[in-house]
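Shown next, in structure tokens, is the structure this report addresses.
Sequence lines set the chain letters: A, B, ... in the order given, protein chains first and strands last, and positions in each chain run from 1. Computed from heavy atoms alone, side chains included, the values below leave out hydrogens, waters and symmetry copies.
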Amino acid sequence: MIDKLLQDFDISRFQHDLIQWYQENKRDLPWRKSQDPYKVWISEIMLQQTKVDTVIPYFYHFTEKYPTPQKLAQAEEQEVLKAWEGLGYYSRARNLHTAVKEVVAKYDGQVPSDEKHLGKLKGIGPYTKGAILSIAFDQPVPAVDGNVMRVFSRVLHIEEDIAQAKTKKLFEKVVGEVISKEDPSSFNQGLMELGALVCTPKKPQCSLCPVNEHCQAFALGAEEKLPIKSKAKKQKRVSYVALLIQDEQGRIVIEKRADNGLLANLWQFPMVPIKEVGFTHLESYVYREHGIPIQLQQKQGNLRHVFSHLIWEIDIYQASIISGEKFQKNKQLKLVSKQDLEQYPFPVPHQKMMKYI
DNA sequence: AATCCGGGGGC
DNA sequence: GCCCCAGGATT
């Protein structure tokens, strides 16, 4: 199967053309200033499903705050989440923290340089493993991401659905055959750089492509038809009322989310799933669920937040704690001053609500 | 194999 | 709106 795909494909010229282009055109990115495995690791986790421009400021801040595995291992998870606030996919931060603690405890702070140990760390899957081994340790291991699948689907005119899991394995075999043994780092990064700058999803710049001579899709004029990717299903909509609850001193009620699932361990203003509860039972629901006796006040606004698989539609209300009644303290609840809000990690939609306080 | 898990930006 | 993005964990 692989042999058939690669017949008439000049591997060594492809390697040379790609690597030379990469050396001459690579962007000056902060994680390319060193080969420090720890920093390569952080950059690769941050770059999962996230654009370079978004990652850059987070990478600077994070590596300045946690310059070594030891520093990160010592930090509290809440503080790590705060440094990740706004970047999304927060399990990346929690898994990275867990894995770094393991590296400090078991490997004396040295990032493992072999597939077996590296691949067992939390949050390090096939892609990240290959990226770290090739970039930090110069080992010829494939690092197949969306860019690489797009580039090779065009170069070799592969029409498999890249949304399917088994298709990624096909591309890993292909890259395993084609990867440069002399400079796997430049090879892997070159593929991703090419996908980001030239072999783009829409309107690829084939005339500027260093490997267009090797590209079957270009030869066929089929570059815009590839890669083939089945569509994701639509997100579900969920309606909430979010409550900005204040006591007489103006302190605000915040709530810690569950330690698993969506936005795990982040903080938020209490939210009521209003379709199930019913607006008329909102106050009694809050008392029953949170032990807070509230009086609903004015509506402040609304917002809509789109996740990969979910859409939140939120109406935002002010509320006051009914004086004279006892506020039952729950572990997951805190009453904090407006200034202290910034100590806690909040998901973006709840950051946006703060302007109404 | 399918689903869950964020958020931003391009068009 | 739809699409994409240097994916991994869970079921």
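When the salt bridge (Lys or Arg N to Asp or Glu O under 4.0 Å) test is applied to A/R32, the partners found at least two apart in sequence or on another chain are A/E193. In this structure A/K299 satisfies the salt bridge (Lys or Arg N to Asp or Glu O under 4.0 Å) test together with A/D315, sequence neighbours excluded.
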Could you tabulate the donor-acceptor pairs under 3.5 Å formed by side-chain atoms of residues 133-148 of chain A, not counting sequence neighbours?
from: A/S134; atom 1: OG; to: A/G130; atom 2: O; distance (Å): 2.8
from: A/S134; atom 1: OG; to: A/A131; atom 2: O; distance (Å): 3.2
from: A/S134; atom 1: OG; to: A/N188; atom 2: ND2; distance (Å): 3.0
from: A/D138; atom 1: OD2; to: A/Q35; atom 2: NE2; distance (Å): 3.0
from: A/Q139; atom 1: NE2; to: A/S113; atom 2: O; distance (Å): 2.7
from: A/D145; atom 1: OD1; to: A/N147; atom 2: N; distance (Å): 3.2
from: A/D145; atom 1: OD1; to: A/V148; atom 2: N; distance (Å): 2.9
from: A/D145; atom 1: OD2; to: A/N147; atom 2: ND2; distance (Å): 3.2
from: A/N147; atom 1: OD1; to: A/R150; atom 2: NH2; distance (Å): 2.7

Let me have the donor-acceptor pairs involving side chains of residues 345-357 of chain A, under 3.5 Å, with sequence neighbours excluded, atom names and distances please.
from: A/H350; atom 1: ND1; to: A/F269; atom 2: N; distance (Å): 3.1
from: A/Q351; atom 1: NE2; to: A/F346; atom 2: O; distance (Å): 2.9

Expected list for residues 207-222 of chain A: side-chain donor-acceptor pairs under 3.5 angstrom, two or more places apart:
from: A/N212; atom 1: ND2; to: A/C206; atom 2: O; distance (Å): 3.0
from: A/N212; atom 1: ND2; to: A/C209; atom 2: O; distance (Å): 3.4
from: A/E213; atom 1: OE1; to: A/R13; atom 2: NH2; distance (Å): 2.8
from: A/H214; atom 1: NE2; to: A/D17; atom 2: OD2; distance (Å): 2.8

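On the nucleic acid side, DNA chain C contacts chain A at distances under 4.0 Å to non-hydrogen atoms, with the end points of that region at C/dG1 to C/dA9.
Comparing the C1' positions of B/dC5 and C/dC5 gives an interatomic distance of 15 Å, to the nearest angstrom. Comparing B/dC11 with C/dA6, their P atoms are spaced 15 Å from each other, to the whole Å. For the C1' atoms, the distance linking C/dA9 with B/dG8 amounts to 23 Å, nearest Å.
Put simply, the side chain of A/F14 reaches to within 4.5 Å of the side chain of A/F187, judged on heavy atoms. Put simply, the side chain of A/M46 reaches to within 4.5 Å of the side chain of A/L87, judged on heavy atoms.
Annotation: of the two residues near DNA chain C, A/L29 and A/Q235, the 5′-most nearest-nucleotide partner is A/Q235.
At the heavy-atom level, A/W312 lies nowhere under 4.0 Å from the strands shown. Within the nucleic acid shown, A/R304 comes within 4.0 Å of sugar-phosphate atoms alone, with no base atom in reach, counting heavy atoms only. In this structure, A/V55 reaches neither bases nor backbone, as no heavy-atom distance under 4.0 Å exists between it and the strands shown.
Checked against the 6.0 Å centroid threshold, A/W84 and A/Y89 do not count as a close aromatic pair.
Counting non-hydrogen atoms of neighbouring residues, nucleotides and ligands closer than 6.0 angstrom, the CD atom of A/E76 reaches no more than 12 such neighbours. Counting non-hydrogen atoms of other residues, nucleotides and ligands closer than 6.0 Å to NZ of A/K275 gives a total of 12 or fewer.
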| task | With pairs defined as Watson-Crick or G-U wobble and both distances under 3.5 angstrom, please note down DNA chain B as a dot-bracket string, | for pairing with another strand. | result | |||||.|||||
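Shown for residues 117-146 of chain A: no residue has heavy atoms falling under 4.0 angstrom of DNA chain B. Annotation: proximity of residues 163-190 of chain A to DNA chain C (heavy atom, distance under 4.0 Å) is found for A/K168, numbered in ascending order.
Screening residues 20-44 of chain A for ring-ring contact (aromatic ring centres under 6.0 Å, His included), with sequence neighbours left out, gives A/W31-A/F59. Each side chain to side chain donor-acceptor pair (under 3.5 Å) pair with one or both residues in residues 46-55 of chain A, not counting sequence neighbours, appears once here: A/Q48-A/T128, A/T50-A/R92.
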| request: List the protein contact pattern of nucleotides 6-11 of chain B with one symbol per nucleotide (5' to 3'): B for base contact, S for sugar-phosphate-only contact, - for none; contact means a heavy-atom distance under 4.0 Å. | output: BBB---
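The aromatic rings of A/Y317 and A/F279 sit tilted, their planes meeting at an angle between 30° and 60°.
As rounded to whole Å, 9 Å separates atom P of B/dC5 from atom CG of A/N260. With rounding to whole Å, A/W84 atom CH2 is found 18 Å from B/dC5 atom P.
Using a 4.0 Å cut-off between a side-chain N of Lys or Arg and a carboxylate O of Asp or Glu, A/K82 and A/E79 do not qualify as a salt bridge.
Pairing each heavy atom of A/V336 with each of A/D340, the nearest pair is CB-CB, 4.1 Å. A/S186 approaches A/I19 most closely through the heavy-atom pair CB-CG2, 4.0 Å.
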